[in-house]
Every structure is written in C-alpha cells, then in structure tokens.
Amino acid sequence: MKPQLLKVSTNLVQSFNARRDNRPNVNNHWHYHPEVELVYFKKGSGTQFIGDCITQFNTGDVVLVGSNLPHYWQFDEVYFHGDADLTADVSVVHFNENFWGDQFLELPENKEIKNILNKSKRGIQITGANLTKVGSLVEQVVFAEGPRKIILLMEVLLAIAGSGENNILASLGFAHNFQESEKDRINAIYNYSIVNFKKKITLDEIAAVANISPNSFCKYFKSRSKKTYSRFINEIRVGSACKLLINNQMNVKEICYESGFYNFASFHKYFKEITGKSPLSYQKCYVKK
C-alpha cells in the first residue's frame, strides 16, 4: 500500500534522530520515510502494521523497520481513556543508512550491520534472549551524546544481527512502489478499515470510500496489496481478537463478535489460518494458569 511520506525532523547537532515518546498518538497514521526506524516499547501495547504484516505489539518489544517500509502502530483504546496510571514509554531512533558515510557499510568488518539493515527492509521483530539487551541499548542511544551515541547504535544493530530468533515481518512479495497520485485513495481504504473493522463493511461501501466502482475495487486492492480485501479486513479482526484473548476478560464467543466476526465457525477458521493456532491455544501461550 502507498502510505504518507513522513518528514523526520533533524538538526545540525546530531547526525541522526533519537527521542523518547510518552504519548500513544505520535505519528499514528500509515506512513513511511527513507530513514531506518528502531523502536523499543518499554511500556505500551496495541496493533502494529508493518508492510502487509498485522500483529500485536506489547511492552518489551523491539522492532527494526527498514527504509521506506510502510508502518503504523495503533495503541490500544485504553491508552486514550485518560487513565493517569496507564502511560506509554517508547524509545524511537531514526537514521539514514549512510549517515556514517557512503563507504562505512562496505568495510568488511561491518558485514553484519549491512546484512541486518538489508533484512530490515521487510521489518524485523527482535525475539529471544537478546530482546532485553537490545531494548536497553535502544534506550541508551536516546540519552547518549557525542561519539558514544553512534557506538551504541552500532551495538544495537550488532546485537540484533547476533540473535538467531528474529522474525521477519512483511512478506517477500510486499510492494508499495505506487504513484504519488494513489496515496489518498489507499490511505482512505486503509484508515476506514481500521476504524470500522468491527462492523460488516460491504463492497459498495468500501468502493465508495476508494471512489471507484465495486466491480473495479477487488482487482484494484489486490493488485496493490497482494491480498484480497476480505483477507486484509480479517487480519485486522484477528489482530483485535488476539489482544482480547491475551487480556482474558471475555470468553471466546464474546471475543468473536467483539472483533467483527458474525459467524463463530468462520472466526475459528480465519484465526487458525492467520495465526496458526486455535483461539484457545493462542490464549494459553500468554495467559498464566
């Protein structure tokens, strides 16, 4: 899909941008930028959209998003209810791949860094034993100054490269090289779907949002996203169901309807197809007995 181009702020004092966010609504739209993005969620949970991958993010997660890969983090609704005890804490680093010079990544000693940046073009979810270490290093990058800031960034990338358990997020066939003139239409489809996934969205309705005929919509959407619209909306609904299952405040049947499914059998079918697990099996992976 074609997202909005985001201009990452820079200054003359530092060669790359690193900040700490405490608000859950920073850059809360489908966007991309030429800078690589490194994100550590010290506190926060919600749904993440990386390319064509839709999954849950949780406290402690670290994600590396490559240059020009569209992404979006939608925090859970509870973060917007004014609860003073529930706050976000996110460390974010943006950097150009060549900020340290055009030849830096070509040095033989930096092969690991170059390789992990190439892999990040599909998005990387850091997992395994290195996760806590990587999160701590990202946080240190934000507060460091001088040469230490650059050294810490290199340490982060090397730690990510050294983890054999990372998950690649976007599919190999994902593409977003569409004409600039298409961005408003794609953004309209995407954002309308995110807001309205709990209700039944008809073909006529979503085609009207895209301002094209119903007969043309299905072909248009699949040619741009490499998946059908029904698959896309079901991925959003399953992502919502995953959050509710982890929260463990509703039974499975209630979660089915709360997530926008109107048929319990279909809910089970699509949930297992997308996550590889049944709803109850998925829940057992997260909820302590």
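Here the CD-CD distance, from E258 to Q249, works out to 12.5 Å after rounding to the nearest 0.5 Å. Within the model, atoms CD1 of I50 and CD1 of I124 stand 11.5 Å from one another, a figure rounded to the nearest 0.5 Å. For the atom pair CG (L64) and CG (N166), the distance works out to 9.0 Å, reported to the nearest 0.5 Å. Atom CG of L244 sits about 5.0 Å away from atom OG of S259, to the nearest 0.5 Å. H94 contributes atom NE2, which lies 14.0 Å from atom CZ of F99 (distance to the nearest 0.5 angstrom). With values rounded to the nearest 0.5 angstrom, N263 atom CG is found 7.0 Å from C256 atom SG.
Taking the six-membered ring where tryptophan is involved, the planes of F221 and F232 are tilted, since the angle between them lies from 30° to 60°. Ring pair F95/W100 is tilted by interplanar angle, where 30° to 60° counts as tilted.
The side-chain heavy atoms of L245 and F271, taken from C-beta on, include a pair separated by under 4.5 Å. In this structure, L69 and K121 have side chains that are not in contact, with every pair of non-hydrogen atoms separated by 4.5 Å or more. Using a 4.5 Å heavy-atom cutoff, the side chains of L38 and I160 are in contact. Taking the side chain as every heavy atom from C-beta outward, I212 and R185 approach each other to under 4.5 Å.
Applying the side-chain hydrogen bond (donor to acceptor under 3.5 Å, both in side chains) test to every pair with at least one member in residues 229-239, sequence neighbours left out, gives these pairs: S193-Y229, K227-E235, T228-S230, R231-E235, R231-E273. Note on residues 236-262: pairs passing ring-ring contact (aromatic ring centres under 6.0 Å, His included), not counting sequence neighbours, are F261-F267.
Minimum heavy-atom separation, S45 to D76: OG-OD2, 2.7 Å. Here the shortest heavy-atom pairing between A159 and K133 reads CB-CE, 4.4 Å. Considering all non-hydrogen atoms of both residues, F75 and P24 come closest at CD1-O, 3.1 Å. P214 approaches L203 most closely through the heavy-atom pair O-CD2, 3.8 Å. Nearest approach of G162 to N130, heavy atoms of both residues: C-ND2, 3.9 Å. Contact detail for V252 and P279: the closest heavy-atom pair is CG1-CB, 4.0 Å.
For Y270, there are no ring-ring contact (aromatic ring centres under 6.0 Å, His included) partners, not counting sequence neighbours. Considering only residues two or more places apart in sequence or on other chains, D204 meets the side-chain hydrogen bond (donor to acceptor under 3.5 Å, both in side chains) condition with none of them. Applying the ring-ring contact (aromatic ring centres under 6.0 Å, His included) criterion to F197, with sequence neighbours excluded, gives no partner residue. Residues meeting the side chain to side chain contact (heavy atoms under 4.5 Å, CB included) test with E77, sequence neighbours left out: H81, K198. For Y192, there are no ring-ring contact (aromatic ring centres under 6.0 Å, His included) partners, not counting sequence neighbours. Checked against side chain to side chain contact (heavy atoms under 4.5 Å, CB included), S136 has the following partners two or more places apart in sequence or in another chain: Q140. The side chain to side chain contact (heavy atoms under 4.5 Å, CB included) search around K272 returns none, not counting sequence neighbours. Here N251 pairs with K253, E254 under the side chain to side chain contact (heavy atoms under 4.5 Å, CB included) rule; sequence neighbours left out.
Of the listed residues (R19, K42, K43), just one forms a salt bridge (charged side-chain N to carboxylate O under 4.0 Å, His left out) with E139, and that residue is K42.
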Q.
Please determine whether side chain to side chain contact (heavy atoms under 4.5 Å, CB included) holds for the pair Y40 and V134, giving the CA-CA distance in whole Å, both sets of side-chain angles, and the decisive distance to 0.1 Å.
A. CA-CA 8 Å; Y40 167 47; V134 171; over 6 Å; no
Q: Would you please test V39 and W73 for side chain to side chain contact (heavy atoms under 4.5 Å, CB included) and show each step?
A: CA-CA 10 Å; V39 184; W73 285 279; 3.7 Å; yes
Q: Quick one: do V63 and F57 satisfy side chain to side chain contact (heavy atoms under 4.5 Å, CB included)? Show the steps, please.
A: CA-CA 9 Å; V63 182; F57 72 87; 5.9 Å; no
Q: Please lay out, stage by stage, how T87 and N22 fare under the test side chain to side chain contact (heavy atoms under 4.5 Å, CB included).
A: CA-CA 7 Å; T87 59; N22 296 114; 6.0 Å; no
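Summarising the local packing, CG of N118 is surrounded by more than 12 heavy atoms from other residues, nucleotides or ligands at distances under 6.0 Å.
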Tabulate below the donor-acceptor pairs under 3.5 Å that side-chain atoms of residues 103-113 make, not counting sequence neighbours, or state none.
residue	atom	partner	partner atom	Å
E106	OE1	K114	NZ	3.2
E106	OE2	K114	NZ	3.3
N110	ND2	F104	O	2.8

Determine all donor-acceptor pairs shorter than 3.5 Å in which one atom belongs to a side chain in residues 141-151; sequence neighbours excluded.
residue	atom	partner	partner atom	Å
K149	NZ	V141	O	2.7
K149	NZ	V142	O	3.2
K149	NZ	A144	O	3.1

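For the residue pair N167 / T127, no side-chain donor-acceptor distance below 3.5 Å is found, with atom types taken as modelled.
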